[in-house]
K.L.:
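Let me give you the structure first, and then I'll get to my questions.
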Amino acid sequence: QLKGSKGGKPITAYPFLQTSTSFHSKMTLSHQIGNEGLTKQILTKGVSWQTPFSGDQVQVHFRGQIENGPSLESSYDKGSSFHFKLGQGEVIKGWDEGVATMKKGERAIFKIPPALAYGEIGSPPLIPPNATLVFEIEMLCWSTIRDLTGDGGLMKKTILEGEGWATPKELDEVLVKYEAKLENGMLIKSDKGVDFIASDRYLCPAMSIAVKTMRKGEVAELSMKFLYGLTQNSNRIIELNGLPDSNVISIKLELVSWKIVTDITGDKKILKKINKLGDGFDRPNEGSRVKVTYICKGEDGTIIDRKGSKEEPFEFTIQEEQMHEGLEKAIMTMKKAEQALVTVNAENTLYYEVELIDFIKEKPFWKMDTQEKLEACEQKKHDGNLLFKAQNFRRASEKYEKAVKYIEFDHTFSDDEKRHANTLRLSCNLNNAACKLKLEEFTEAAKLCTKVLEQDTLNVKALYRRSQAYLKTSDLEKAEADIKRALIIDPNNRDIKLEYKELKLKQREYNKYEADIFSTMVSKMN
């Protein structure tokens, strides 16, 4: 018998035999595993990079001997392999630690010190005290067994490994085959091909939990306690309530494939399901010239809009107000030739069947010469001005920010170009500050005005707009300082005078508020 290293229940294996066969002389060069003296010599390398985990059911061949002593019966001679659950104390500790390092197909010799075998007591009459054991072990295969819930309520055993490394995410649409049975073998339900959202708890909670741990093509056997077989009524799933609590439910589950679903905005308002993967890695960005085809449908399947064809695709420029904003955001995540279903959840849910035929990206600023950078900055500023007049302050702000980026690094500019760039930078930051005030992003507005004042300390517009931002954030002292500076520079400016009146009103309100608080405190003390 091979005993667990902690004196656990003996596991019947192979009786020890007194033979003269020895393979210890095969050991040439070994390396140590851990710090308790276990050594390993690889005879045949494995065929993969994977190794088993604790809890996996491993299948091995072995032969062993006591160092400088008798040999032990081998599984090769018996004609049947040896099975045990790794890391559970079903074998001596040296086996648990050594086999955990092996790859499929690997053969190795392990020299196991007494502390990791039978210790000072030994296993009379065959294993003497303080005996060092030597085993040749061949890793045949293993079945991966996982406790997916941490409470033993849902165990997963991998029957067939899947492809690659990726697994489905919460929103992905998975296609599976399954058979669900009770412990007595009674078939509950089966399906040779059904798709559902991974987080939807189709059939029962166990399916949703398990499928998110599987790879494409993987086949697994799930064993679950009754709790993980319960589900709510639905027109798509079965009701397992009413079965006796003692039942253990098993499901044979195969993950055939899945379609990636991306939450574009992070709030599930724009979802993209990839029906056909695109080419390469590149995606359109702001300013890209894009060719697409799409069909827009309502919730009842009625076609609302249709644009482009393979022969004559619909062309537009990203972020130029030429496309539905939700669809445009999704297209910016697509690759060339990708086909997707985009769901835009607004007052009325819209479904777009879209294909990205081709796109040409806007020339990046680091590839532009100085003249191109200045021209691009002016164009973005112009676009921002038009959007501001249309009261689209969010998009206008984005245009002004993009404009400034073109001239952010001006070390290659001539003196004239630097002066031109400074004028553009000042104008864009001022206009952007006006956008931020409209958007009630007062801290950002103040920062942009400060940037302008670092360039031009006498800029009245910057002082005025920063004072507006300070008033909204109740920084009354800073607001007053900016207004007074502006009035010194331009004493007849009507807008600044009105702002000063508003400031004085706020100061009076604040002084009254402080006085009321002080009066209340004094009355309570009395």
Side-chain angles (χ1 to χ4, degrees), residues 168-176 191-203 208 211 216 232-237 255-280 282-360 390 392 394-395:
K169 303 295 185 292
E170 288 282 328
L171 297 173
D172 291 349
E173 185 180 286
V174 297
L175 174 63
V176 304
D191 203 310
K192 293 185 178 180
V194 61
D195 52 30
F196 58 92
I197 303 302
S199 59
D200 272 359
R201 296 192 168 198
Y202 175 83
L203 188 69
S208 177
V211 78
K216 183 180 179 181
Q232 297 178 344
N233 277 317
S234 166
N235 59 0
R236 290 192 65 198
I237 59 181
L255 176 57
V256 179
S257 62
W258 75 89
K259 293 178 179 178
I260 298 170
V261 178
T262 305
D263 185 354
I264 303 296
T265 51
D267 55 8
K268 297 185 180 178
K269 289 185 177 180
I270 305 174
L271 300 175
K272 184 192 76 169
K273 180 176 74 175
I274 298 176
N275 290 326
K276 178 179 176 293
L277 293 172
D279 302 331
D282 218 3
R283 296 176 174 87
N285 59 358
E286 181 185 351
S288 295
R289 191 67 185 166
V290 174
K291 295 181 180 180
V292 300
T293 65
Y294 74 80
I295 299 173
C296 175
K297 296 180 180 180
E299 292 183 81
D300 61 356
T302 303
I303 295 178
I304 298 171
D305 189 19
R306 186 195 299 264
K307 285 282 196 308
S309 64
K310 287 276 191 180
E311 295 75 24
E312 295 185 25
F314 174 64
E315 289 192 44
F316 71 100
T317 302
I318 293 286
Q319 293 193 347
E320 292 292 344
E321 306 290 314
Q322 300 170 359
M323 172 67 70
H324 185 287
E325 186 177 1
L327 178 58
E328 185 177 72
K329 286 180 178 179
I331 288 172
M332 290 177 72
T333 71
M334 296 176 69
K335 300 173 184 175
K336 182 179 177 180
E338 181 179 321
Q339 296 176 13
L341 175 65
V342 177
T343 304
V344 180
N345 295 305
E347 293 181 5
N348 298 310
T349 301
L350 299 175
Y351 300 93
Y352 291 91
E353 299 170 9
V354 58
E355 180 177 358
L356 177 56
I357 305 296
D358 199 0
F359 64 92
I360 300 174
N392 191 337
R394 176 71 61 192
R395 295 293 295 276

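Starting from 1, each residue takes its place in the sequence as its number. For the numbers below, each heavy atom of this structure counts, side chains included, while hydrogens, waters and symmetry mates do not. Just so we're clear, the structure is a prediction, and the values are computed from it rather than from any experiment.
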K.L.:
Would you check if the side chain of Asp300 reaches a backbone N or O of Thr302 as a donor-acceptor pair within less than 3.5 Å?
P.N.:
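Looks like yes, one N/O pair under 3.5 Å.
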K.L.:
List for me each residue that meets side-chain contact (heavy atoms from CB on, under 4.5 Å) alongside Ala337, sequence neighbours excluded, and say none if there are none.
P.N.:
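Checked Ala337 against side-chain contact (heavy atoms from CB on, under 4.5 Å); matches are Lys276, Asp279.
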K.L.:
Tell me every residue that passes side-chain contact (heavy atoms from CB on, under 4.5 Å) with Ser309, counting only those two or more places apart in sequence or in another chain.
P.N.:
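By the side-chain contact (heavy atoms from CB on, under 4.5 Å) rule, Ser309 matches Glu311, Glu312.
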K.L.:
Backbone N or O of Ala198 within a donor-acceptor pair of the Asp172 side chain at under 3.5 Å?
P.N.:
no
K.L.:
Among Val211, Val194, Val256, whose side chain to side chain contact (heavy atoms under 4.5 Å, CB included) with Val174 holds?
P.N.:
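It is Val211; the other options fail the test.
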K.L.:
Taking only residues two or more places apart in sequence or in another chain, which ones pass side-chain hydrogen bond (donor to acceptor under 3.5 Å, both in side chains) with Thr265?
P.N.:
Asp267
K.L.:
Just distance, no hydrogens or angles: give the donor-acceptor pairs under 3.5 Å from side chains in residues 289-296, sequence neighbours left out.
P.N.:
{"unit_1": "Arg289", "atom_1": "NH1", "unit_2": "Thr317", "atom_2": "OG1", "d": "2.7"}
{"unit_1": "Tyr294", "atom_1": "OH", "unit_2": "Asp305", "atom_2": "OD2", "d": "2.9"}

K.L.:
Which residues pass the salt bridge (Lys or Arg N to Asp or Glu O under 4.0 Å) test with Glu355, sequence neighbours left out?
P.N.:
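Glu355: salt bridge (Lys or Arg N to Asp or Glu O under 4.0 Å) contacts with Lys310.
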K.L.:
Does a salt bridge link Glu338 with Lys272, judged by any charged N lying under 4.0 Å from a carboxylate O?
P.N.:
yes
K.L.:
Going by side-chain contact (heavy atoms from CB on, under 4.5 Å), name the residues that satisfy it together with Lys273, two or more places apart in sequence or in a different chain.
P.N.:
Glu173, Lys259, Val261, Asn275, Leu341
K.L.:
Report the residues that fulfil side-chain hydrogen bond (donor to acceptor under 3.5 Å, both in side chains) with Gln322, sequence neighbours left out, ordered by chain and then residue number.
P.N.:
none
K.L.:
According to side-chain hydrogen bond (donor to acceptor under 3.5 Å, both in side chains), who are the partners of Lys192, at least two apart in sequence or on a separate chain?
P.N.:
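Lys192: no side-chain hydrogen bond (donor to acceptor under 3.5 Å, both in side chains) contacts found.
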K.L.:
Hey, could you give me the NZ/CG distance between Lys269 and Asp263, rounded to the nearest 0.5 Å?
P.N.:
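If we round to the nearest 0.5 Å, Lys269:NZ and Asp263:CG are 11.0 Å apart.
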K.L.:
If the condition is salt bridge (Lys or Arg N to Asp or Glu O under 4.0 Å), which residues does Asp282 pass it with, not counting sequence neighbours?
P.N.:
Lys361
K.L.:
With sequence neighbours left out, write down each residue that passes side-chain hydrogen bond (donor to acceptor under 3.5 Å, both in side chains) with Lys335, or none if nothing qualifies.
P.N.:
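If we apply the side-chain hydrogen bond (donor to acceptor under 3.5 Å, both in side chains) test to Lys335, skipping adjacent residues, there are no hits.
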K.L.:
Suppose the criterion is ring-ring contact (aromatic ring centres under 6.0 Å, His included): which pairs have a residue in residues 300-320, not counting sequence neighbours?
P.N.:
Phe314-Phe316
K.L.:
Which residues pass the side-chain contact (heavy atoms from CB on, under 4.5 Å) test with Glu299, sequence neighbours left out?
P.N.:
Thr349, Tyr351
